[in-house]
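The structure appears right after this line, and notes come after that.
Proteins come first, then strands; the chains are lettered A, B, ... in the order of their sequence lines, and each starts at number 1. Keep in mind that this is a model prediction, so the values were computed, not measured.
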Amino acid sequence: MVHPATTDWPRTVPEAEAIQRRLAPLADLTGPGPAPAAVRHVAGLDVGYPTAGDEVTGAVAVLDADTLAVVDRAVVREPARFPYVPGLFAFRELPPLLAALDRLTITPDLLVCDGHGLAHPRRFGLACHLGVLTDLPVIGVAKTPFTGRHDPPGPERGSWTPIVLDGEVVGRALRTRYGVKPVYVSQGHRIGLDDACAHVLRLTPAYRIPEPIRQADRLSRGR
DNA sequence: GCGACAG
DNA sequence: ATCTTGTCGC
């Protein structure tokens with residue numbers, strides 16, 4: 001079943017960009033964000049690309065915020081509904097992700113998705129779009145920079161530098177492990193940058209990538 | 001015009 | 001994203 005929010009999906013670049021410009025003002029980029037103690041379940045979201053044909057696999061893993069144990073999961077594989085166009089990422093990955101979210105037993109208190117949020121040419125990346133459609137707190141965590149400029153952060157875990165776009169801070173390059181390439185964090189919806197980074201660090205005890213996203217990535221590959 | 005471009 | 005072996009380093 002197709003998610004209600006994606007029944008009227010754009011088919012062209014101009015249509016998709018218009019939707020981003022229209023929805024961008026609806027993203028809450030400051031929070032206050034959920035109180036740390038109120039976050040019991042954190043969901044990681046990722047999309048995989050199975051095999052031949054233009055298919056996408058949306059995966060969501062829900063983790064206990066304290067133990068980081070997986071307590072719920074959902075995977076949806078379906079035909080892609082939009083081509084890959086940098087900047088219009090959400091129109092390709094949102095449909096399978098929303099479908100997977102619908103199949104969850106638990107409603108997460110916080111979403112962490114693979115991709116940028118505010119750090120986007122029109123300041124409305126996947127994390128923002130996901131937040132506006134679900135009205136859940138969302139943090140965007142990308143593995144490579146996309147737009148804006150930044151200096152490399154210090155080598156220590158927890159050190160960071162701002163990502164600046166047109167004179168505005170739109171995210172941070174955040175070191176999650178000593179000496180390892182940083183991840184790129186930006187606001188999605190209903191949370192500020194400070195809180196977003198604090199959550200990301202707390203959710204990344206062992207590897208470079210936050211545990212919720214790692215688990216979702218595994219799921220999207222059928223593991 | 002040419003290159004770069006989240007996953 | 002995905003196609004893919006070994007190899008350097010802690």
Side-chain angles (χ1 to χ4, degrees), chain A residues 6 9-10 13 16-17 19-20 23-24 27 29 44-61 75-100 111-132 138-150 155-157 162-166 170-189 193 196 200 205-210 212-223:
Chain A
T6 63
W9 215 232
V13 167
E17 291 180 341
I19 290 174
Q20 291 184 327
L23 298 183
L29 308 171
L45 299 84
D46 193 19
V47 173
Y49 295 80
T51 53
D54 202 20
E55 291 197 304
V56 288
T57 301
V60 182
V75 182
V76 171
R77 178 172 173 168
E78 59 183 37
R81 302 181 54 183
F82 202 86
Y84 171 64
V85 180
L88 299 179
F89 203 47
F91 296 96
R92 186 169 177 74
E93 302 209 335
L94 227 30
L97 289 178
L98 291 172
L111 267 38
V112 183
C113 75
D114 192 328
H116 293 100
L118 221 211
H120 174 277
R122 285 170 292 282
R123 294 174 172 66
F124 197 70
L126 174 64
C128 299
H129 207 145
L130 194 53
V132 168
V138 186
I139 297 172
V141 180
K143 295 183 289 295
T144 64
F146 180 34
T147 191
R149 301 185 49 168
H150 68 89
E156 305 291 339
R157 165 179 156 86
I163 296 173
V164 180
L165 177 62
D166 298 326
V170 296
R172 287 179 189 168
L174 176 66
R175 197 82 69 177
T176 53
R177 286 197 66 185
Y178 182 90
V180 172
K181 178 179 178 175
V183 295
Y184 305 86
V185 180
S186 59
Q187 302 97 312
H189 185 53
L193 192 49
V200 168
Y207 301 93
R208 175 190 174 221
I209 305 300
I213 292 182
R214 286 192 69 240
Q215 294 304 326
D217 179 79
R218 295 185 46 176
L219 267 185
S220 74
R221 302 183 189 205
R223 300 206 57 182

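Distance NE2 (A/His150) to P (B/dA6): 13 Å, rounded to an integer number of Å. For the pair A/Phe89 CZ and B/dA4 P, the computed distance is 20 Å after rounding to whole Å. Atom CG of A/Leu219 and atom C1' of B/dG7 are 17 Å apart (whole Å). Rounding to whole angstrom units, CZ of residue A/Arg122 and C1' of B/dC5 are separated by 12 Å. What separates CD1 of A/Ile213 from P of B/dG7 is a distance of 10 Å, to the nearest Å. In this structure, A/Leu97 places its CG atom 11 Å from C1' of B/dG7, rounding to the nearest Å. Taking atom CD1 of residue A/Ile209 and atom P of nucleotide B/dA6, one finds them 15 Å apart after rounding to whole Å. As a whole-Å value, the separation of A/Tyr184 OH from B/dA6 P is 12 Å.
In terms of heavy atoms, A/Leu165 sits closest to A/His120 at CD2-O, 3.6 Å. Here the shortest heavy-atom pairing between A/Gly58 and A/Ala100 reads O-CB, 4.0 Å.
Phosphate proximity of B/dA6 to A/Tyr84: present, with a side-chain N or O under 4.0 Å from OP1 or OP2.
Inter-residue side-chain proximity for A/Val47 and A/Asp114 is flagged as unmet; no heavy-atom pair is nearer than 4.5 Å.
Of the charged side-chain nitrogens involved, none lies within less than 4.0 Å of a carboxylate oxygen, so that A/Arg221 and A/Asp46 do not count as a salt-bridged pair.
Reading DNA chain C from its 5' end, the first and the last nucleotide to sit under 4.0 Å from a heavy atom of chain A are C/dA1 to C/dT2.
Panel note: side chain A/Arg175, backbone A/Arg157; no donor-acceptor pair is recorded below 3.5 Å. A distance-only check finds no donor-acceptor pair linking the side chain of A/Arg172 to the backbone of A/Ser186 [under 3.5 Å].
The aromatic rings of A/Phe82 and A/Phe91 sit tilted relative to each other, their planes meeting at an angle between 30° and 60°. Using a 30° and 60° split on the angle between ring planes, A/Phe146 and A/His116 fall in the parallel class, below 30°.
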- Run the side-chain contact (heavy atoms from CB on, under 4.5 Å) check on A/Thr144 and A/Lys181 step by step: do they pass? CA-CA 9 Å; A/Thr144 64; A/Lys181 178 179 178 175; 3.8 Å; yes
Given Watson-Crick and G-U pairs under 3.5 Å, DNA chain B in dot-bracket ([ ] crossing, | other strand) is .......
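When heavy atoms are screened at a 4.0 angstrom cut-off, A/Gly87 is found touching base atoms of the nucleic acid. Backbone-only contact: A/Pro145 has heavy atoms under 4.0 Å from sugar-phosphate atoms and none from a base.
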